[in-house]
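Below: one structure, written as structure tokens.
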Amino acid sequence: SQQGEEDPQALSIQEGENATMNCSYKTSINNLQWYRQNSGRGLVHLILIRSNEREKHSGRLRVTLDTSKKSSSLLITASRAADTASYFCATEIGSARQLTFGSGTQLTVLP
Amino acid sequence: DVKVTQSSRYLVKRTGEKVFLECVQDMDHENMFWYRQDPGLGLRLIYFSYDVKMKEKGDIPEGYSVSREKKERFSLILESASTNQTSMYLCASWTSIRDEQFFGPGTRLTVL
């Protein structure tokens, strides 16, 4: 069963604009992670936010977490063509040491 | 840096063939995972392993088995490949001292 659902499924923006992707989940989590996947490749970890955190930054990335709404958002500021990729949220629940991934947002940044 | 390698980037097999997908990690991680990725469905967990000779079913284990004889190697086996197993297969490893999973480049399997 899918724990995380990303929204929108696809997003197309101009270079320099900000991109916002959202993730909703169903059950209480230990942490929520965001991964990027370039076309036809493996996933790369971007950032992790724990359940007791509300906001986290890493370079041009900003992640927020609202546990009351069971949702998270990933903001990429000043986007570049190289940011074109699929972005996935993943949740860790309990002590299972497993991640449950959403279906992803395909981001296209136009030069 | 952690490196996770998968034996093939592309693989074409016939229905009924036995298929082995190999995954090797070089950082002594105790946890390893196999996912399949299909359009619109994201990543779905097939099997995972917390230790050598140990395996646990994920969300979609039917039609698959796994083997972990050595800590660094985790194999996914399709006993009798079927066309609905055409997919991208991703291997990942994870250590308990880090929170992130490290992924291999993926194997795109086509079953004809």
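Here is how names work: the chains are called A, B, and so on, in the same order as the sequence lines, proteins then strands, and each is numbered from 1.
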Residues sharing B:Val24's hydrophobic cluster, by side-chain heavy-atom contacts under 4.5 Å among ILVMFWY, directly or via others? none
Quick one: what part of B:Thr95 sits under 4.5 Å from any heavy atom of chain A, side chain, backbone, both or neither? backbone
Considering all heavy atoms of both residues, which atom of A:Arg50 and which atom of A:Leu65 are nearest to each other, and what is their separation? O-CD2, 3.4 Å
Part of A:Leu48 within contact of chain B (heavy atom distance under 4.5 Å): side chain
Exercise answer: donor-acceptor pairs, residues 12-20 of chain A side-chain atoms, under 3.5 Å, sequence neighbours excluded:
unit_1	atom_1	unit_2	atom_2	d
A:Glu15	OE2	A:Ala81	N	3.1
A:Glu17	OE1	A:Gln14	N	3.0
A:Asn18	OD1	A:Ala78	N	3.0

Check each atom of B:Gln6 against the heavy atoms of chain A and say whether the ones under 4.5 Å are side chain, backbone, both or neither. neither
Evaluate the ring planes of B:Phe33 and B:Phe48, with Trp represented by its six-membered ring, and classify them as parallel (under 30°), tilted (30 to 60°) or perpendicular (over 60°). parallel
Which of B:Gln101, B:Arg9, B:Gln37, B:Met88 touches chain A most, by non-hydrogen pairs under 4.5 Å: B:Gln101
Measure the spacing between CG of B:Asn31 and CD of B:Glu56 and express it to the nearest 0.5 Å. 11.0 Å
With a 4.5 angstrom heavy-atom cut-off, which part of A:Gln37 approaches chain B: side chain, backbone, both or neither? side chain
